[in-house]
Amino acid sequence: MTEQSKRLATASEEALWRIFTVPEAPDSTLSIIEQNISQNLAGFLRESIVAVEKPLWQIERDFQAHQIPTDPRFVSDYAEQLMQQLVAHSVHTAAPSFIGHMTSALPYFVLPLSKMMVGLNQNLVKIETSKAFTPLERQVLGMMHHLVYGEGESFYKKWMHSANHSLGAFCSGGTIANITALWIARNRLLKADGEFKGVAKEGLFRAMKHYGYEGLAVLVSERGHYSLGKAADLLGIGREHLVPVQTDENNKVRLDEMRRVAAELQSRNIKVMAIVGVAGTTETGNVDPLHQLADLAQELGCHFHVDAAWGGATLLSDKYRQLLSGIERADSVTIDAHKQMYVPMGAGMVVFKHPSSAHVIEHHAEYILRKGSKDLGSQTLEGSRPGMAMLVHACLQVIGRKGYEILINRSLDKARYFAELIRQHSEFELITEPELCLLTYRYVPAEVQAAMQNASAERLQKFNELLNGLTRFIQKRQREEGLSFVSRTRIQPAQYHRHGTVVFRVVLANPLTTDQILQDVLMEQQQIAAQDHEYLPKLLQLARDSAA
Ligand SMILES: *Cc1c(COP(=O)(O)O)cnc(C)c1O
């Protein structure tokens, strides 16, 4: 070893030793980032959505190296780099003018709690690595189960902490929750029967032969979330057998259509394994007729799942929970705490009506997950899992039913206020009404609106195509300006003969979003529209031609 390499080895060892033993000094860059984030959640380092607009390709240049660095470094050096390259260009999802997606502001206490969670590093897969966290998670699942199903005290006393039973599964998000629910539906349908040992043991091919089906299907509204497609693929049902069913003019699934599709599948000997009701669609926020879907599931003898990943939190509001009426009849329900419950990402849940539902997906291993143990890992899709349930627990304890009632009501009322603002405005058009706290709209100049009133279907389509271009332009420019953010999607509204219509999409869950901010968003969009030289002139011309 040369003198130089000896010195290097020592420096590396020094750096390594420090990362496990010496905490950051209060004036270090890392501590400063941390303080900024925790003390200034509302303003998180800045007021706007992005600090400095830097094009993505420039940001990518900071992340070009493909080789893992050779030598350990001091954290202080790395933190400087982190600040410049990462923190400065992160999207400010907690900004009150960031109203385009389902991420919202977080209560300040989740930050120190997250640190505690990482520090304790419990693994929820088995009790040996999560003694107190497992009962806590079971309690959170019990509370969410009660929120949905409202069983009595003796029910929870009997099942909440029972080994071999679970009232639900905690997971990273709605995707895994939906997969888990459909996995259970599949395994319950194709259960062991006489010689046949069940689909979990023998596979789908032999299950189909045993039960004499030509295939399986899952029915859901055409507005169903794409995670259901992944589930259909993974479970061997096939994406084509996740059958999208038409919605009505309110974006709710049509029962007559679902019944027709089910009969058609049955005539081809394809078994309807589950129907899924959506309680709060991702694009328009509408709730399917859950009671009628429950009736149909009963009629078809199939599993009834409700995907309330986003809308489920509405159950916390006594004023609005009847919007989800019928959800208590579902066999399983997905709810994401990271959507409207003010918990950071990574907190999904599925709750089961029956405590023994998950038996059909149970798995055991000798070194952990032994039979009769209270390990949650024996009835979950995921393996090693962090103690995220603690953050849900904290929010439920600190915010409470009344706190959530206030927050949820405020979001829904704000959405109604914004809808009214749009309706009153001569240059905007409300496309979908907010049933929960999500709405869609677009910018349409007054003279264009007037011309569209009496336009033929053909001309209407022309107007819509130009408006689609204009909506895209406004949304993109608004995001680049960085003052506020709405998202954009494409839907097929009944009032426009199901033409693909590009719309602004707004989700109002941030308690810090004020009426003034909503007024400013419209004003900004109006100003941006005037900067468009491609679609706007053509739209105005077409309106004039129509009037002539
Ligand atoms: C967000 C969402 C999902 C997926 O949840 P993730 O947490 O993103 O995995 C599923 N269904 C609906 C209705 C959703 O809104």
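Every number for a ligand or one of its atoms is a count from 1 in the order of the listing. The shown structure was predicted, so the numbers you read here are calculated from the model rather than taken from an experiment.
Under a 4.0 Å heavy-atom criterion, S227 is in contact with ligand 1. Within the 4.0 Å heavy-atom shell around ligand 1 one does not find M345.
The atoms of ligand 1 that sit less than 4.0 Å from any heavy atom of N178 are 10 (C), 11 (N). Of all atoms in ligand 1, listed by their number and element, those nearer than 4.0 Å to a heavy atom of G173 are 7 (O), 9 (O). Below 4.0 Å from some heavy atom of A309 lie the following atoms of ligand 1, by number and element: 2 (C), 3 (C), 10 (C), 11 (N), 12 (C), 14 (C). Atom numbering of ligand 1 starts at 1 in the shown order; those under 4.0 Å from a heavy atom of W310 are 15 (O). For ligand 1, the atoms sitting less than 4.0 Å from at least one non-hydrogen atom of H338 are 7 (O), numbered in the order shown with element in parentheses. Close approach of ligand 1 to T175 (heavy-atom distance below 4.0 Å) involves ligand atoms 4 (C), 5 (O), 6 (P), 9 (O).
Salt-bridge check for E328 with R321: failed, with every basic side-chain N at 4.0 Å or more from each acidic carboxylate O. A salt bridge does not link E420 with R416: none of the charged nitrogens is closer than 4.0 Å to a carboxylate oxygen. Between R223 and D288, none of the side-chain N atoms (NZ, or NE/NH1/NH2) sits under 4.0 Å from a carboxylate O, so this pair counts as no salt bridge. The residues R401 and D318 are annotated as salt-bridged, a charged nitrogen and a carboxylate oxygen being separated by less than 4.0 angstrom. With salt bridges taken as basic N to acidic carboxylate O contacts below 4.0 Å, none links K402 and E405.
Relative orientation of the H145 and F155 rings is parallel, given thresholds of 30° and 60° on the angle between their planes.
Remark: of the listed residues S104, P107, P96, S411, S104 is the sole one forming a side-chain contact (heavy atoms from CB on, under 4.5 Å) with P511.
Nearest to atom 5 (O) of ligand 1 by heavy atom, out of V507, D307, D336, is D336.
Each side chain to side chain donor-acceptor pair (under 3.5 Å) pair with one or both residues in residues 227-246, not counting sequence neighbours, appears once here: N178-S227, H225-S227, D233-R239, Q246-R254.
In terms of protein heavy atoms, atom 6 (P) of ligand 1 is closest to G174 N, 3.3 Å. Ranking protein heavy atoms by distance to atom 2 (C) of ligand 1, first place goes to K339 NZ, 2.5 Å. In this structure, atom 4 (C) of ligand 1 lies nearest to the protein heavy atom H225 CE1, 3.3 Å.
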